[in-house]
Amino acid sequence: MLLEVSERTQFGGVVIIRDTSSYSGRHLLKYYINCALKREEDVHVLGFEVPEQELRAGLDSNYMHLFHFHNAYIDPLGWTKQSSFTVKQFNTADVTRLVREIQHAKASILVIDSLSWVIRHHNPVAICQQLQELKRGGSVRMIFGLLHTDLHQQGIVDSISHLASTVISVTSVNHAHNAVAKTMHRKKSGKVMREEEFFTVKDDLTLSVEKRPSQSGHVQMQPDTKADPMSNLTFNLRLSEVERVAKEKVALPFVFSQEKKSALLKQSQGSGRIIYEPDASDDFDEEDPDDDLDV
Amino acid sequence: MFPDLNSILSSSPDNFREREFILLSDRQADASFLIHHYLTFYLRARCKVCFLGLVQSFSHYSVVSQRLGVNLNQAKEKGQLVFLEGLKASPRVLLNEDTSDTTHTFDYLRSPCAELRGLFEFVCNSLSQGGSEAGGEPWAPPVLIIDDLSVLLSLGVSAGAILDFTHYCQATVCSQLQGSIVALVRCDDEEWDEESSSYLLKALTHQCSLSLRVEGLSTGYCRDIHGQVEIWRRGRAEENQRRVFQYKVHDKGASFFAPGTSRAVL
């Protein structure tokens with residue numbers, strides 16, 4: 001499913017890549033950017049967290065004219081007066097204007113690196129609203145966002161994920177450079193598809209997906225053909241038909257079965273009757289205290 | 001500087017990576033010996049160093065660096081080291097006695113403005129001036145060392161403001177000036193909330209390129225092994241690897257060894 005994410009042609013799709021400090025989702029994000037460039041789509045990146053050269057590294061150089069990096073890394077808050085894009089400009093109107101200004105190709109993709117940075121400076125509710133408006137606005141075909149789940153409360157992570165049509169959660173496997181991605185895709189019909197895949201993204205941004213890791217750390221399952229344990233013994237452990245029937249008939253001593261119950265509750269006739277005559281000071285209650293027992 | 005650590009990180013004063021964001025952190029241990037390592041390392045490497053000393057006085061670092069073979073006073077006079085003495089200046093600012101221009105640096109001590117923009121401007125001014133040694137050769141790429149960031153949390157600065165400050169420092173020092181940053185964050189075992197040092201540590205881990213985490217031994221105090229350090233190089237897809245070493249701090253340095261190979265044991 002990881003490979004299919006970028007190929008979907010629906011409008012208004014939001015893909016959220018969720019990562020933690022143990023494995024960065026940026027490699028996967030760069031893979032999707034590369035795919036979009038190769039499909040000759042305009043890619044607009046709102047870069048808050050990493051500088052431009054780090055994001056450009058590895059991308060296909062033939063399509064760099066379609067890659068537009070809006071630099072919010074150098075001066076996102078306006079402190080040094082060199083800002084190209086500030087965090088305050090993260091709103092529907094400004095972003096739409098940015099995207100429409102440079103539109104060479106047939107469709108535009110918006111990449112937000114990262115949403116966690118924006119959430120630190122804006123109200124999460126406002127961000128959800130703006131993402132929703134951008135989704136429906138029609139100026140971008142897809143929105144990709146990177147979210148660091150370990151920096152926010154669960155509620156905020158869930159609200160943003162709820163907006164998305166696809167959520168990919170990446171974690172590392174045993175601290176190796178293999179990683180596992182849990183993808184959840186919500187189709188327009190309402191059907192939800194989930195898949196868990198092991199993947200690696202190399203430096204040249206090639207993605208290789210496997211169903212299970214190459215060096216499996218898990219114990220191999222026992223082979224199904226078990227040897228018959230009763231074959232090489234000097235004594236006989238097998239049961240004949242008659243013996244098996246008799247064995248199943250044996251009443252186990254401490255099991256309270258139907259026959260035992262009826263034997264205990266049967267009233268004995270004749271000998272064994274108890275006649276009790278209470279004294280004057282006795283508090284004789286005719287009621288049976290065990291009446292409510294379901295025995 | 002510690003030769004053991006240099007060989008583990010494959011770096012030396014003549015040959016080290018540039019544009020690094022090195023995050024030092026500790027939990028129930030004291031990672032400040034690593035600060036002394038990096039201070040002496042970068043001074044030996046002829047880098048221009050801006051040191052934000054918010055928890056100890058200048059003489060403390062001077063005495064320790066003397067033992068490691070570097071003279072801080074000389075470095076300061078030459079212009080190689082710019083030292084911000086947080087402890088000395090803070091009372092003057094708090095009591096409103098200091099009326100010079102430099103009090104803008106300590107804006108974070110005044111409420112309601114708990115922003116670190118003034119501190120960032122101080123860093124900018126000290127490192128972007130460049131300058132050169134008396135012999136005419138310019139200094140190597142600048143380095144910012146911060147000891148430590150978690151004390152700012154106790155002074156009332158929000159974690160978000162600290163993260164903005166480190167972002168700006170990284171953008172200026174690492175990307176523009178091609179230098180490096182070394183920052184120390186100290187964690188207690190407190191509850192995770194959005195203003196705790198654990199949150200700050202997590203957020204900075206996302207930003208950093210090299211993380212050194214110092215912890216005490218899980219089995220308790222030991223005379224010969226003072227703790228363990230986890231070295232984690234982040235960044236490129238194929239480089240993600242973590243290694244654990246144990247260490248012992250001596251009078252004139254520290255030794256690092258693989259777990260279980262302490263000289264007292266072998």
Side-chain angles (χ1 to χ4, degrees), chain A residues 19-28 30-31 47-54 57-58 71-80 82-83 87 113-114 116-117 119-122 146-153 156 172-179 199-208, chain B residues 19 21 23 25 107 115-121 123-125 128 158-178 192-194 196 198-209 211 213 230-244:
Chain A
D19 68 0
T20 58
S21 53
S22 62
Y23 185 84
S24 173
R26 194 165 286 114
H27 311 298
L28 194 59
K30 279 175 74 170
Y31 165 75
F48 290 95
E49 278 195 3
V50 292
E52 186 169 353
Q53 61 264 44
E54 195 177 316
N71 199 333
Y73 174 74
I74 289 292
D75 190 11
L77 303 169
W79 286 5
T80 54
Q82 315 172 358
S83 49
V87 76
D113 178 15
S114 67
S116 293
W117 220 101
I119 292 174
R120 223 172 65 220
H121 291 272
H122 280 280
L146 184 62
L147 187 63
H148 305 306
T149 45
D150 48 2
L151 297 184
H152 308 287
Q153 289 171 349
I156 296 178
S172 69
V173 177
N174 299 332
H175 303 317
H177 49 257
N178 273 350
F199 73 98
T200 27
V201 180
K202 299 201 174 55
D203 268 347
D204 58 353
L205 299 181
T206 45
L207 176 70
S208 49
Chain B
R19 311 213 311 266
F21 186 132
L23 181 64
S25 61
D107 264 350
E115 217 185 27
L116 292 170
R117 192 170 169 171
L119 198 58
F120 166 69
E121 279 165 19
V123 170
C124 246
N125 292 337
S128 31
S158 68
I162 299 179
L163 290 171
D164 289 338
F165 167 71
T166 49
H167 175 101
Y168 267 90
C169 288
Q170 194 177 16
T172 311
V173 177
C174 295
S175 302
Q176 278 182 336
L177 301 172
Q178 313 287 309
W192 196 104
D193 75 56
E194 293 222 337
S196 69
S198 312
Y199 167 75
L200 189 63
L201 178 63
K202 271 222 161 76
L204 287 173
T205 311
H206 277 279
Q207 260 185 293
C208 74
S209 62
S211 157
R213 262 188 221 196
E230 181 199 65
I231 299 177
W232 182 14
R233 189 163 275 293
R234 305 185 81 247
R236 286 166 47 219
E238 264 127 34
E239 251 184 357
N240 217 6
Q241 35 141 311
R242 296 199 211 209
R243 291 147 69 197
V244 176

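So that the names make sense, note that chain A is the first sequence line, chain B the second, and so on, each numbered from 1.
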- Message: Take a 6.0 Å sphere around CD of A:Q153 and say whether it holds more than 12 heavy atoms from other residues, nucleotides or ligands.
- Response: no
- What distance separates B:L163 CG from A:H121 NE2, expressed to the nearest 0.5 Å? 8.0 Å
- Query: Is the A:W117 ring parallel, tilted or perpendicular to the B:H167 ring (thresholds 30°, 60°)?
  - Reply: perpendicular
- Aromatic ring pairing B:F120/A:W79, orientation class (parallel under 30°, perpendicular over 60°, tilted between): tilted
- Query: Residues two or more places apart in sequence or in another chain: which of them pass salt bridge (Lys or Arg N to Asp or Glu O under 4.0 Å) with A:R120?
  - Reply: B:D164
- Note on the structure: Smallest heavy-atom separation, B:Y168 atom then A:P76 atom, equals OH-N, 3.3 Å
- Given a strict heavy-atom distance threshold of 4.5 Å, which part of A:S116 is in contact with chain B: side chain, backbone, both, or neither? neither
- Determine yes or no for a side-chain-to-main-chain donor-acceptor pair under 3.5 angstrom, with B:R234 supplying the side chain and A:S21 the backbone. yes
- Got a second to check how far A:E54's CD is from B:S175's OG, nearest 0.5 Å? 8.0 Å
- Message: Please enumerate all residues that pass side chain to side chain contact (heavy atoms under 4.5 Å, CB included) together with A:L207, with sequence neighbours excluded.
- Response: A:L2, A:L3, A:L28, A:Y31, A:F199, A:V201, A:V209
- Task: Select one option (side chain, backbone, both, neither) describing which atoms of A:E52 are under 4.5 Å from chain B's heavy atoms.
- Result: neither
- Worked verdict on A:D19 versus B:H206 for side chain to side chain donor-acceptor pair (under 3.5 Å): CA-CA 10 Å; A:D19 68 0; B:H206 277 279; 4.7 Å; no
- Under 4.5 Å from a heavy atom of chain A, the part of B:Q176 involved: side chain
- Counting heavy-atom pairs under 4.5 Å with chain A, the top scorer among B:Q170, B:E121, B:Q207 is B:Q170
